[in-house]
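What follows is a short report on a single structure.
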2 protein chains.
Amino acid sequence: MANPSRSFDPTELGAYFALIEVSSLLRHTVEQQLQEAGGLSYVQFQLLARLGDSPEGSNRMTDLADGVVYSRSGLTYQAQSLEQRGLVTRAPSPDDERGTTVTITEQGRDTLAKVFPGHIAVLDELLFEPLARGDVEVLADVLGRIRDHMRSAPPRSAAPRRRKTR
Amino acid sequence: MANPSRSFDPTELGAYFALIEVSSLLRHTVEQQLQEAGGLSYVQFQLLARLGDSPEGSNRMTDLADGVVYSRSGLTYQAQSLEQRGLVTRAPSPDDERGTTVTITEQGRDTLAKVFPGHIAVLDELLFEPLARGDVEVLADVLGRIRDHMRSAPPRSAAPRRRKTR
DNA sequence: ACCAGGTGCTTCGAATCCGAAGCAATAACG
DNA sequence: CGTTATTGCTTCGGATTCGAAGCACCTGGT
């Protein structure tokens, strides 16, 4: 448990604020690019990208939701939207009847390919432009460690997981 | 202009993905904490925090919106909500009749004080726990540079700013 | 002083988002 | 096997979000 009376020094505050600001600004710009390049929201792009990267081109709903940090109901909404546009297909999982397997289509891959160059360009200009090679490495290392820590840490509410008291 | 045929190496991808993931996960957890500690959304907290930090305890709508990277209409919505709860007041700016000046109230400061310790605790556990002192410094430096770069870069669409053609 | 254009904010409508509740399939346990 | 959680997903309702359009004020050029 963290020290309750702890406070932050300017460096810590700076790191925190910069993190939030950078991700917000980046997300905002990326969203615009994706929208005009292929009519995709950021989440939709993330979903397609994940599917495109996976060896099978498919994933379960839950894994997708966890992967992009999204609510399940939100994912259902987006998956329906993508399905209607023909970018993915959905089918019950073979091994588990309740699971839904989402698979990227050829058209989905095309869309991905269409928006990708612009996506990279935005990242390059906005994120990497002011960084030296070493900065990128450090960033990947430190942020990677934070991510691993967050992913492994119990979601807080899961810690006590109080047994049904009644 | 960035090289259009450029691609990313694993380190760059890692830095990018980790950035997005970390900010998403962090935001999610913080949101929960703020919600149960004081019924605040993350944006609302950011707004109060900004007002609380400003010397006057007040700000123009536009500056607030830009500060937290939010749409103007969205800010109007949130400002109304905060006003109804008595956490801020709104009044036309003295020097410019069209401007609206938002000011934090005593009650707003109280709410801020109420949620702050928990907020810090979350950051401490989730963000800073796995980092050495040097990591924090590097993070603040690198992310800070990125932020400055993003803030100074023209919003892309503002570049041509095509004159009303008709 | 006028007026054309710019700026600051709000309103409006439609899209998106989440949590709670519901439903169906699976697992766990005797 | 039967009964009781648990898990995976969707549906539902309500809150939040944004961009476009609208309104009022302000500014620069004449």
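Chain naming here is simple, since letters A, B, ... match the order of the sequence lines and numbering starts at 1 in each.
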Starting at atom [atom1] of [X], determine the distance to atom [atom2] of [N], rounded to an integer number of angstrom.
X	N	atom1	atom2	value
L64(A)	dG8(D)	CG	P	13 Å
M61(B)	dC18(D)	CE	P	13 Å
D63(A)	dT7(D)	CG	C1'	13 Å
L40(A)	dA15(C)	CG	C1'	15 Å
L34(A)	dT16(C)	CG	P	14 Å

> What does T76(A) touch in the nucleic acid at a heavy-atom separation under 4.0 angstrom: a base, only the sugar-phosphate, or nothing?
Replying inline: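 Base contact - T76(A) has a heavy atom under 4.0 Å of at least one base atom.
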
Please check if the side chain of [X] supplies one atom and the backbone of [Y] the other of a donor-acceptor pair under 3.5 Å.
X	Y	value
E31(A)	Y42(A)	yes
H149(A)	L131(B)	no
R60(B)	G99(B)	no

> When the aromatic ring centroids of Y16(A) and F128(B) are compared, is their separation below 6.0 Å?
Replying inline: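 No, they do not, as the ring centres are separated by 6.0 Å or more.
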
> Ring centroid separation for H28(A) and Y70(B), is it under 6.0 angstrom?
Replying inline: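 When the ring centroids of H28(A) and Y70(B) are compared, they turn out to be at least 6.0 Å apart.
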
> Should the pair D110(A)-K114(A) be classified as a salt bridge under the 4.0 Å nitrogen-to-oxygen rule?
Replying inline: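 Salt bridge absent between D110(A) and K114(A).
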
>> Check this for me: does any side-chain nitrogen of one of R133(B) and D9(A) sit under 4.0 Å from a carboxylate oxygen of the other?
In response: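 Salt bridge: yes.
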
Between protein and nucleic acid, restricted to nucleotides 22-29 of chain C and to nitrogen or oxygen atoms under 3.5 Å apart, what atom pairs and distances do you find?
unit_1, atom_1, unit_2, atom_2, d
dT26(C), OP1, E97(A), N, 3.2

> So do the side chains of V102(B) and L75(B) get within less than 4.5 Å of each other, counting heavy atoms only?
Replying inline: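 They are not in contact (no side-chain heavy atoms under 4.5 Å apart), so the answer is no.
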
>> By the definition side-chain contact (heavy atoms from CB on, under 4.5 Å), identify the one residue from I20(A), L19(A), L26(A), V22(A) that meets it with R147(B).
In response: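 Testing each of I20(A), L19(A), L26(A), V22(A) against R147(B), the sole residue satisfying side-chain contact (heavy atoms from CB on, under 4.5 Å) is V22(A).
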
Does [X] place a side-chain N or O at less than 4.0 Å from the phosphate oxygens OP1/OP2 of [N]?
X	N	value
Q35(A)	dG19(D)	no
R90(B)	dC9(C)	no
S93(A)	dG8(D)	no

Could you pull out the protein-nucleic contacts involving nucleotides 17-20 of chain C (nitrogen or oxygen on both sides, under 3.5 Å)?
unit_1, atom_1, unit_2, atom_2, d
dC17(C), OP1, Y70(A), OH, 2.9
dC17(C), OP2, Y70(A), OH, 2.6
dC17(C), OP2, Q78(A), NE2, 2.1
dC17(C), O5', Y70(A), OH, 2.7
dC18(C), OP2, S71(A), OG, 2.8
dC18(C), O5', S71(A), OG, 3.4
dG19(C), N7, S73(A), OG, 3.1
dG19(C), O6, S73(A), OG, 3.0

